[in-house]
Amino acid sequence: MKVIVNDKPVEVDDQVTVAGLLDRLGFPEKGIAVAVDQTVLRRSDWQTTLTDGARLEVLTAVQGG
């Protein structure tokens, strides 16, 4: 199945979770926020299984001055 991550299509397994996908794509465990279909997910909800066509936005924290 396909999901969209930051406007790019990604082919995934049928039972992939948000956490599993983030790990597979190399996102850090901390310092990120995730929205699925325009709803921000709490970290405790990252075990949610994704559905075909889900749209994820992954934002990373940036430190600057």
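Just so it is clear, the model here is predicted, and its values are computed rather than measured.
Both L22 and M1 belong to a common hydrophobic cluster when Ile, Leu, Val, Met, Phe, Trp and Tyr are linked at side-chain heavy-atom distances under 4.5 angstrom.
Minimum interatomic distance between E29 and R43 (heavy atoms only, all atoms of both residues): O-NH1, 2.5 Å. Of all heavy-atom pairs between A54 and V36, the closest is CB-CG1, 4.4 Å.
Identified under the side chain to side chain donor-acceptor pair (under 3.5 Å) test for residues 12-24, with sequence neighbours left out: none. The side chain to side chain donor-acceptor pair (under 3.5 Å) pairs that include a residue from residues 45-62 are D7-R55, R42-D45, where partners are two or more places apart or lie in different chains.
With values rounded to the nearest 0.5 angstrom, N6 atom CG is found 8.0 Å from L56 atom CG. Taking NZ of K2 as the start and NZ of K8 as the end, the distance is 15.0 Å to the nearest 0.5 Å.
Within the 4.5 Å cutoff, no side-chain heavy atoms of L50 are placed close to those of V12. Side-chain contact between L25 and V5 is present, with at least one heavy-atom pair separated by less than 4.5 Å. Put simply, the side chain of V34 does not reach to within 4.5 Å of the side chain of V40, judged on heavy atoms.
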